[in-house]
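Read the structure below first, then the notes.
The structure presented is a predicted model; accordingly, all values stated were derived computationally and were not measured. The sequence lines fix the lettering, A, B, ..., with proteins before strands; numbering per chain opens at 1.
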2 protein chains.
Amino acid sequence: MDTLETRELRYFMAVAEELHFGRAAERLGMAQPPLSRAIQQLERRLGVSLLQRNRRGVCLTGAGEVLLHEGRAALDAATAAARRTRRAGGAGTPDGLRNRLVLAVKAAASHELLRKLLDAYAAEPDAAEIEVLPCGSCEQEEMLRDGRADVALMHMPYNSLAGFDSEELLTEGQIAVLPAGHPLAARRTLTLADVSDIPDLPLARWPRHGTYPPGPGPEVHDQTQLAQLIALGRTMAIIPDSARAWLWAEHTAVPLTDAPPVVTYVAWPAHSRSLALAGLIRTATQL
Amino acid sequence: MDTLETRELRYFMAVAEELHFGRAAERLGMAQPPLSRAIQQLERRLGVSLLQRNRRGVCLTGAGEVLLHEGRAALDAATAAARRTRRAGGAGTPDGLRNRLVLAVKAAASHELLRKLLDAYAAEPDAAEIEVLPCGSCEQEEMLRDGRADVALMHMPYNSLAGFDSEELLTEGQIAVLPAGHPLAARRTLTLADVSDIPDLPLARWPRHGTYPPGPGPEVHDQTQLAQLIALGRTMAIIPDSARAWLWAEHTAVPLTDAPPVVTYVAWPAHSRSLALAGLIRTATQL
DNA sequence: GTCCTGTCATACCCGGTGGGTATCACCGAA
DNA sequence: TTCGGTGATACCCACCGGGTATGACAGGAC
């Protein structure tokens with residue numbers, strides 16, 4: 001009566017995202033008519049109209065928008081429950097609370113911090129095994145939400161800590177990474193005003209949650225691409241100080257005096273109750 | 001394959017909480033054998049053992065503990081999705097994002113703040129209708145989690161903000177509420193040391209998440225009971241300053257100089273995207 | 001030892017329903 | 001007008017979720 005089956009949620013999410021019953025049914029691996037019927041049943045059960053069927057395709061009603069957001073969270077929670085339960089039992093540890101932890105990190109970010117954290121935690125008396133899960137820009141949130149990870153290193157202001165518990169670990173400044181030969185590369189320090197709107201060095205654009213922000217710069221989706229484009233003199237980037245680790249010889253890093261500081265946090269699902277996780281967080285905050 | 005049906009979760013939660021198939025089946029309104037079979041299917045699907053069936057009853061394995069916690073969150077998310085969707089469509093507003101907001105407050109707490117908030121918000125140009133949902137001690141978190149409320153006023157350190165977004169609204173001191181005739185009632189200020197372990201005035205005990213902390217004081221579960229017991233000289237209480245509103249003539253309030261301050265926050269589900277909610281929060285933070 | 005009791009598991013049956021195929025009703029474009 | 005493409009309807013079947021009856025097994029009383 002007052003609860004939704006995850007099957008209903010899956011179906012609705014597919015239709016709400018595709019805005020097309022046929023494509024949604026294909027994505028779900030089923031025929032279109034049962035999908036239509038399932039959505040109608042869902043609407044009747046909720047007593048609410050979710051989709052507006054107009055002449056050509058469908059569009060969401062207000063209630064549909066709400067269910068799209070809330071349902072995403074509910075589905076993530078359900079798959080997270082399945083994944084974490086499987087991991088808890090699969091490791092073979094009898095008590096189940098001392099198993100492997102999956103730590104999501106943005107690939108190549110905070111490398112030094114990560115190494116120190118792993119070393120310090122490994123020295124703890126009853127440390128769990130830590131699996132490091134490298135992920136792309138801003139994917140850590142998704143990984144925590146759907147249970148592929150148990151804990152993550154996040155970087156404000158790039159990530160959002162909404163919905164997670166967190167502890168602050170490290171604050172660092174940012175540097176401008178320029179082609180070694182560029183005139184600005186000779187400067188000791190730079191400001192944001194110095195590096196914005198340079199016609200020959202537009203800022204590279206990173207995908208945020210799958211989409212690229214608008215702008216003149218080239219679209220990149222990993223450090224190697226970015227590094228190459230900078231070395232070729234096609235773009236520049238503003239990155240946290242600790243990312244100096246992966247710079248090339250053709251790069252020059254210049255500190256930015258007025259860039260917003262980047263704060264690294266360790267974050268985990270708010271309802272988490274694992275002993276191993278508590279130990280890792282204690283270790284991290286004592287670094 | 002990698003997602004759990006809410007039916008399976010409901011069944012497992014019942015068994016995990018009762019630790020008894022028969023009672024769990026009764027609670028679920030079904031017979032015991034299908035429940036047994038459903039749990040076995042769930043264990044097979046997940047590939048992990050959740051319950052340890054020993055001679056007399058059952059107990060949870062480690063993986064079962066994990067699923068108990070994660071499943072609670074997932075079930076809450078699913079029922080929250082249903083409730084919020086129903087409310088979004090039921091109000092009859094066509095755009096659905098400008099509907100009624102349910103605000104959970106601890107009954108009789110922050111009365112003045114609440115009045116100011118409601119007045120200020122009602123004066124906004126396109127204010128949604130606010131339904132005030134009074135709830136018992138620490139119930140606001142549950143209300144937000146399972147969708148009965150959209151936003152809440154919470155009081156640190158009594159509530160936990162884990163898993164919610166929040167903004168600080170107000171910090172206040174605490175007062176000791178004593179029977180008017182008591183010797184300590186003549187003092188201008190008191191300290192925690194003054195009022196702890198007074199044999200004739202043991203501190204009243206409030207339920208926290210359904211259970212009472214241990215101690216010598218009487219158990220109370222609403223302000224009226226507490227007020228009466230204080231007036232009768234049987235107990236005393238330490239409460240935030242703003243709760244002076246409901247004191248009786250037979251009560252005397254004395255400021256406590258070293259009690260931890262109580263901070264009132266406005267809190268809401270982290271993934272919330274409602275325009276009406278954003279307006280209410282903006283109003284609250286500008287008070 | 002033999003009951004008896006209480007637990008969860010098994011065996012078997014049935015009805016509801018989720019899913020499939022075929023088709024319809026409708027609308028816009030050519 | 002016809003045609004392509006949309007979602008809805010009609011109808012059927014198989015699966016499975018749920019029920020009842022019963023079994024297997026362990027403890028406790030005696």
Side-chain angles (χ1 to χ4, degrees), chain A residues 1-61 63-64 67-68 71 75 78 82 89, chain B residues 1-61 63-64 67-68 71 75 78 82 89:
Chain A
M1 172 60 98
D2 60 345
T3 189
L4 294 175
E5 290 303 315
T6 62
R7 184 180 54 84
E8 301 178 291
L9 278 178
R10 268 200 318 275
Y11 289 3
F12 175 75
M13 304 298 292
V15 176
E17 283 171 10
E18 298 281 351
L19 291 179
H20 189 289
F21 278 80
R23 284 195 298 271
E26 188 183 8
R27 205 172 94 179
L28 293 166
M30 65 187 292
Q32 170 258 321
L35 178 59
S36 273
R37 203 181 41 179
I39 300 292
Q40 289 177 62
Q41 284 175 352
L42 175 61
E43 289 181 301
R44 257 192 330 206
R45 256 164 46 83
L46 287 173
V48 162
S49 158
L50 299 170
L51 297 165
Q52 202 162 347
R53 283 88 161 163
N54 35 20
R55 11 200 151 283
R56 214 135 192 95
V58 292
C59 64
L60 287 172
T61 67
L67 186 56
L68 181 60
L75 272 184
Chain B
M1 172 62 97
D2 61 344
T3 189
L4 294 174
E5 289 304 315
T6 61
R7 184 181 53 86
E8 301 179 292
L9 279 178
R10 270 200 317 274
Y11 289 4
F12 175 75
M13 304 298 292
V15 176
E17 283 171 10
E18 299 281 350
L19 290 178
H20 189 287
F21 278 80
R23 284 195 298 273
E26 188 182 8
R27 207 172 92 178
L28 293 166
M30 65 187 291
Q32 170 260 320
L35 179 58
S36 274
R37 203 181 40 177
I39 300 292
Q40 290 176 62
Q41 285 175 352
L42 176 60
E43 289 180 302
R44 259 204 327 245
R45 257 163 47 81
L46 287 174
V48 300
S49 156
L50 299 170
L51 298 165
Q52 202 161 348
R53 284 88 161 163
N54 36 19
R55 12 203 152 283
R56 217 135 190 93
V58 292
C59 63
L60 287 172
T61 66
L67 187 57
L68 182 59
L75 272 184

Please state how far atom [atom1] in [X] lies from atom [atom2] in [N], giving the value in whole angstrom units.
X	N	atom1	atom2	value
Q32(A)	dG18(C)	CD	C1'	15 Å
R23(A)	dG5(D)	CZ	P	12 Å
E18(B)	dT7(C)	CD	C1'	15 Å
L35(A)	dT17(C)	CG	P	19 Å
L42(B)	dC16(D)	CG	C1'	16 Å
R45(A)	dT17(C)	CZ	P	11 Å
F21(A)	dC24(C)	CZ	P	21 Å
I39(B)	dG17(D)	CD1	C1'	14 Å

Review point. Is atom CD of Q52(B) surrounded by more than 12 heavy atoms (other residues, nucleotides or ligands) closer than 6.0 Å?
Key: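 No, CD of Q52(B) has 12 or fewer neighbouring heavy atoms, counting only those of other groups under 6.0 Å.
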
Check your understanding: If you draw a 6.0 Å radius around CD in E26(B), do more than 12 non-hydrogen atoms from other residues or ligands fall strictly inside?
Key ->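 Atom CD in E26(B) is not crowded, with 12 or fewer foreign heavy atoms closer than 6.0 Å.
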
Review point. Could you state the interatomic distance from CG (L42(B)) to CZ (F12(B)), rounded to the nearest 0.5 Å?
Key: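 Rounded to the nearest 0.5 Å, the CG-CZ separation comes out at 7.5 Å.
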
Check your understanding: CG/L68(B) to CG/L50(B) distance, rounded to the nearest 0.5 angstrom?
Key ->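 It is 10.5 Å, given to the nearest 0.5 Å.
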
Reckon [X] touches a base, only the sugar-phosphate, or nothing at all at heavy-atom distances under 4.0 Å?
X	answer
Q40(A)	sugar-phosphate
E5(B)	nothing
E8(A)	nothing

Practice item. With DNA chain C as reference, determine whether R37(B) or L19(B) sits nearer its 5' end, using the nearest nucleotide of each. Key: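 It is L19(B) whose nearest nucleotide is closer to the 5' end.
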
Review point. Closest nucleotide of DNA chain C for P33(A) versus for Y11(A): which of these residues is on the 5' side?
Key: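 The residue closer to the strand's 5' end, by nearest nucleotide, is Y11(A).
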
Exercise for review: Give a yes or no on whether a donor-acceptor pair under 3.5 Å exists between the nucleobase atoms of dG17(D), that is its base, and the side chain of R7(B).
Suggested key: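 It does not, because no donor-acceptor pair links the side chain of R7(B) to the base of dG17(D) below 3.5 Å.
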
Point to revise | Closest heavy-atom pair and its distance - V58(A), H20(A) | key: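 Scanning both residues, the minimum pair turns out to be CG2-N, 4.0 Å.
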
Compare side-chain N and O positions of [X] against OP1 and OP2 of [N] and report whether any pair is under 4.0 Å apart.
X	N	answer
R53(A)	dC27(C)	no
Q41(A)	dG18(C)	yes
S36(A)	dA8(D)	yes

Review point. So which nucleotide from dA9(C), dG18(D), dT6(D) ends up closest to the side chain of P34(B)?
Key: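 That would be dG18(D).
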
